[in-house]
Amino acid sequence: MPNGCEVEITPPEGDLVYCEICGVVYDTGRYRSCPNGCEVFYCDVCGKFPCICFNDACERCGSITCPGPWFCSERECTGEKCKVCGGYKASTRSGSDCPVCMCEENPDMDEALKSKVKFSVNSSKITMLQPYGLKVGLLDRLQTTKIEYWIKWEDMVDTDQGWLLQEGNSLKCDVSAIRPGCFKVFAVVTLSDNTVITTDLKDIEVRYPHADKDIANSPVVKAKMEEVWQATKNAMTTTHRQEKGCWIYLNTLTGQYEFGDIDNGPLVENNGKDGGHISPSVPKKVKQSESPLEHGYYRVAYLGRK
């Protein structure tokens with residue numbers, strides 16, 4: 001035929017698709033996408049052309065999943081990162097678009113970090129064998145790898161000498177006080193980024209047991225008191241009497257009260273004029289270590305009955 005209609009038309013092997021970019025119609029059975037390569041213009045995220053999410057793309061990296069230039073720039077940043085504000089020290093940051101540390105302009109920021117670690121004592125005055133009651137509190141969800149509790153004699157505050165009460169990662173220190181005296185206590189806290197914070201010193205006074213509240217209420221002391229009183233009564237005659245007594249010691253290793261030998265007072269006439277009395281004997285001499293952590297044997301009271 002003059003118009004060439006005798007040419008055989010091959011039917012499509014797939015669907016005929018119209019390319020919205022170049023306008024060509026192509027057979028999906030022969031081409032997976034537009035033969036002109038127009039697929040590169042389609043957005044990988046929304047699949048459209050033009051991209052309907054283009055306005056939300058990061059102006060720095062071009063990704064629509066990036067929250068903003070501050071995010072993608074920081075992922076590429078290197079340098080010394082501040083532990084307080086999260087910025088990079090200006091002298092070490094790898095680029096001007098990296099967030100800069102503002103603490104360099106504010107020397108008080110070191111104190112700001114320190115203020116997030118709280119150190120406290122339950123009571124500034126405790127009795128021997130009671131727990132020290134030290135606590136560490138952390139603000140802003142700070143994480144620690146180690147917490148140390150230290151103690152110093154009050155007159156050694158300006159020296160490097162001190163004693164480690166407890167080491168671990170506990171927010172409490174309930175180690176029992178075993179030596180009387182006036183002390184300074186503090187904590188050394190290691191954060192998860194290896195920052196080490198030393199807290200301010202706190203005063204704590206460890207006192208001897210109170211004669212009436214603590215010692216007199218002890219069952220072993222009550223039993224000894226009855227024994228001494230009975231010995232005093234047994235020594236009494238129709239004409240004379242003799243007081244008995246003994247020293248009371250506290251053994252911090254066992255946590256128990258112990259007693260010295262019974263002392264004998266002078267014989268006193270029962271004439272209604274002379275009062276019974278006893279002079280305490282010389283107590284045992286006990287050598288004490290300088291360390292507040294070593295157990296000892298302490299003279300705490302004298303038990304005497306008339």
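Since the structure is predicted, the reported quantities are computational estimates derived from the model, not experimental observations. Throughout, numbering of the chain's residues begins at 1 and tracks the sequence.
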Nearest 0.5 Å, what's the [atom1]-[atom2] distance between [X] and [Y]?
X    : Y    : atom1 : atom2 : answer
K233 : Q242 : NZ    : CD    : 16.0 Å
L134 : T199 : CG    : OG1   : 9.5 Å
E269 : R241 : CD    : CZ    : 10.0 Å
I151 : K202 : CD1   : NZ    : 15.0 Å
K125 : Q130 : NZ    : CD    : 13.5 Å
N217 : H210 : CG    : NE2   : 10.5 Å

Treat each ILVMFWY residue as a node, draw an edge where side-chain heavy atoms are under 4.5 Å apart, and state whether [X] and [Y] are in one component.
X    : Y    : answer
V220 : Y298 : yes
V175 : L253 : no
V206 : V157 : no
V188 : V121 : no
F183 : L164 : no

Are the side chains of [Y] and [X] in contact, using a 4.5 Å heavy-atom criterion?
X    : Y    : value
F119 : Y149 : yes
N122 : Y132 : no
W163 : E290 : yes
I197 : K116 : no
L250 : I215 : no
V117 : V136 : yes
K135 : L171 : no
T144 : T190 : no

Contact summary for [X] and [Y], nearest pair of heavy atoms:
X    : Y    : answer
L201 : F186 : CD2-CD2, 3.3 Å
P209 : M128 : CD-SD, 4.0 Å
M156 : K152 : O-CD, 3.8 Å
C246 : G260 : CB-O, 3.7 Å
C173 : L165 : SG-CB, 4.3 Å
L139 : K118 : CD1-CE, 3.8 Å

Among all residues two or more places apart in sequence or in another chain, which pass the side-chain hydrogen bond (donor to acceptor under 3.5 Å, both in side chains) test with E258?
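By the side-chain hydrogen bond (donor to acceptor under 3.5 Å, both in side chains) rule, E258 matches N251, Y297.
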Side chain of [X], backbone of [Y]: donor and acceptor closer than 3.5 Å?
X    : Y    : result
W153 : G181 : no
T252 : G296 : yes
Q166 : K172 : yes
S123 : I126 : no
E148 : E167 : no
Q143 : S192 : no

Is the CG atom of N234 crowded by more than 12 outside heavy atoms at less than 6.0 Å?
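Enclosed: over 12 neighbouring heavy atoms sit under 6.0 Å from CG of N234.
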Going by the rule ring-ring contact (aromatic ring centres under 6.0 Å, His included), which residues pair with Y208 if we only count those two or more places apart in sequence or in a different chain?
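Applying ring-ring contact (aromatic ring centres under 6.0 Å, His included) to Y208 gives none.
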Do N169 and K146 have side-chain atoms, one donor and one acceptor, less than 3.5 Å apart?
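Distance-only check fails for N169 and K146.
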Between W247 and Y302, what is the ring plane arrangement, given parallel below 30°, perpendicular above 60°, and tilted in between?
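The arrangement is perpendicular - the two ring planes meet at more than 60°.
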With the threshold set at 4.0 Å, does a side-chain nitrogen-carboxylate oxygen contact exist between K184 and D203?
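Salt bridge between K184 and D203, a charged N being under 4.0 Å from a carboxylate O: yes.
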With side-chain hydrogen bond (donor to acceptor under 3.5 Å, both in side chains) as the test, pick out the partner of K244 among T232, N264, D263.
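Single side-chain hydrogen bond (donor to acceptor under 3.5 Å, both in side chains) partner of K244 among T232, N264, D263: N264.
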Please, which pairs that meet salt bridge (charged side-chain N to carboxylate O under 4.0 Å, His left out) have at least one residue in residues 208-224, sequence neighbours excluded?
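Only K224-E227 qualify under salt bridge (charged side-chain N to carboxylate O under 4.0 Å, His left out).
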I'd like to know whether I248 forms a side chain to side chain contact (heavy atoms under 4.5 Å, CB included) with F259, so could you lay out the CA-CA distance, the side-chain angles of the two residues, the decisive distance to 0.1 Å, and finally the verdict.
CA-CA 5 Å; I248 303 175; F259 310 94; 4.0 Å; yes
